[in-house]
Amino acid sequence: MDRTDSCGTLGLTVSVDSHSGFCYGVVRAIREAERHLNQDTPLYSLGAIVHNNEELTRLCAIGLHAIEPEELSTLYNQTIIIRAHGEPPDTYAIAHKQKLTIIDCTCPVVLKLQKKIKDEHARIAPINGQIAIFGKVGHAEINGLVGQVDGDARIIEHSSQIEQIDYSRPLSLFAQTTQDPIAFLTLCRNIEEQYQQHGVDPASCFRAFNTICKQVAERRPILHQFAKSHHTLIFVSGRESSNGKVLFEACKEANPHSFHIENSTELCRDWFSAKTLVGVCGATSTPKWLMDEVAQAIKKM
């Protein structure tokens with residue numbers, strides 16, 4: 001149930017969405033990081049363990065060291081945590097060479113997707129087929145997925161890029177787990193139309209695998225309804241969160257009076273009218289404590 005309260009000079013009523021907050025993969029990674037840090041031993045994270053600066057700052061304050069991929073080969077006999085986004089095989093090879101202890105927190109959904117892409121590539125490559133992934137270029141999850149097939153995959157960020165596909169060859173399409181389900185379905189329809197325009201029956205050579213995380217996909221309609229039921233919507237997430245961008249667009253679509261912030265310092269009093277209903281929600285990378293902190297700041301206005 002959503003938590004509602006009001007106080008402050010504006011008399012705002014504030015609700016925090018009970019469905020928002022960390023997904024299972026992020027919860028698992030942070031729990032494992034905290035467990036290791038409690039042993040008072042060094043722990044390194046390859047990249048940000050979560051795309052949320054506030055939570056990352058909290059973890060770094062208790063001893064987590066975030067490093068860039070190129071720094072991995074400089075570590076020796078240390079412990080490193082693989083975040084929920086996953087990593088390509090090369091990362092594990094380097095870690096083994098450097099005698100690093102790995103705490104592997106790759107999300108089970110991502111692990112399953114990595115195997116699917118690898119298996120499908122083995123099937124389609126011998127028949128001159130191609131692999132495409134609907135996702136964000138350079139995203140950690142995408143890097144891990146492309147690494148499963150030695151880089152032999154095309155990344156599609158927007159439907160406008162489907163013209164780059166070779167429609168004389170078979171195609172298998174996957175999706176980054178945090179992508180927008182509606183955008184993925186639209187992309188599939190557009191690709192099918194392109195095959196038809198090239199005189200090819202898409203049913204004979206185009207396969208689409210909806211590999212978007214079910215937990216992520218289900219949040220979109222829930223947040224859409226949550227946004228509609230409030231006068232003002234405050235969406236809390238890191239600027240770098242792909243999932244955050246997708247879910248905020250769902251909120252904005254449902255309620256034009258929606259605002260995206262990273263923390264309570266970005267709140268603006270002008271966004272609120274007296275005695276109105278305000279909703280606070282977030283992405284799968286947004287901690288509950290941060291949404292509660294934002295809600296408390298709004299109540300004091």
Spell out, as yes or no, whether a donor-acceptor pair under 3.5 Å connects the side chain of [X] to the backbone of [Y].
{"X": "K99", "Y": "N77", "answer": "no"}
{"X": "Q194", "Y": "N190", "answer": "no"}
{"X": "T101", "Y": "T79", "answer": "no"}
{"X": "Q196", "Y": "P202", "answer": "no"}
{"X": "T284", "Y": "C23", "answer": "no"}
{"X": "D150", "Y": "D152", "answer": "no"}
{"X": "D90", "Y": "G147", "answer": "no"}
{"X": "H231", "Y": "L277", "answer": "yes"}
{"X": "Q161", "Y": "I156", "answer": "no"}
{"X": "R169", "Y": "C205", "answer": "no"}

Under a 3.5 Å cutoff, is there a donor and acceptor pairing between the side chains of [X] and [Y]?
{"X": "D166", "Y": "S168", "value": "yes"}
{"X": "T177", "Y": "E141", "value": "yes"}
{"X": "H260", "Y": "S237", "value": "yes"}
{"X": "S241", "Y": "S285", "value": "yes"}

Problem set entry | Interatomic spacing from CZ in F206 to CD in Q130 - rounded to 0.5 Å |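 It comes to 10.5 Å.
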Does this structure show an ion pair linking [X] with [Y], if we count only N-O contacts that are shorter than 4.0 Å?
{"X": "E34", "Y": "R31", "answer": "no"}
{"X": "R58", "Y": "E293", "answer": "no"}
{"X": "K288", "Y": "D292", "answer": "no"}
{"X": "K252", "Y": "E249", "answer": "no"}
{"X": "E120", "Y": "R123", "answer": "yes"}

For this session: I would like to know whether K245 and E157 meet salt bridge (Lys or Arg N to Asp or Glu O under 4.0 Å); could you show each step before the answer?
Result: CA-CA 13 Å; K245 293 172 184 177; E157 291 193 273; over 6 Å; no
Exercise. When you look at E32 and R35, which way does the salt bridge (Lys or Arg N to Asp or Glu O under 4.0 Å) test go after all the steps?
Worked result: CA-CA 5 Å; E32 286 300 306; R35 181 184 64 80; 2.9 Å; yes
Problem set entry | Shared hydrophobic cluster, L113 / Y92 (ILVMFWY, side-chain heavy atoms < 4.5 Å) | no
For this session: Using the side chain to side chain contact (heavy atoms under 4.5 Å, CB included) rule, take H36 and I81 through it: C-alpha gap first, then chi angles, then the decisive distance, then the call.
Result: CA-CA 10 Å; H36 189 87; I81 187 167; over 6 Å; no
Exercise. Once the angle between the rings of F174 and F209 is folded into 0 to 90°, is it parallel (under 30°), tilted (30 to 60°) or perpendicular (over 60°)?
Worked result: parallel
Exercise. When the ring planes of F235 and F248 are compared, do they come out parallel, tilted or perpendicular, using 30° and 60° as the limits?
Worked result: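 The rings of F235 and F248 sit tilted, inter-plane angle from 30° to 60°.
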For this session: Write down the atom of L223, the atom of C251, and the distance for their closest heavy-atom approach.
Result: CB-SG, 4.1 Å
Problem set entry | Which atom of C188 lies closest to which atom of L173, heavy atoms considered | SG-CD2, 3.9 Å
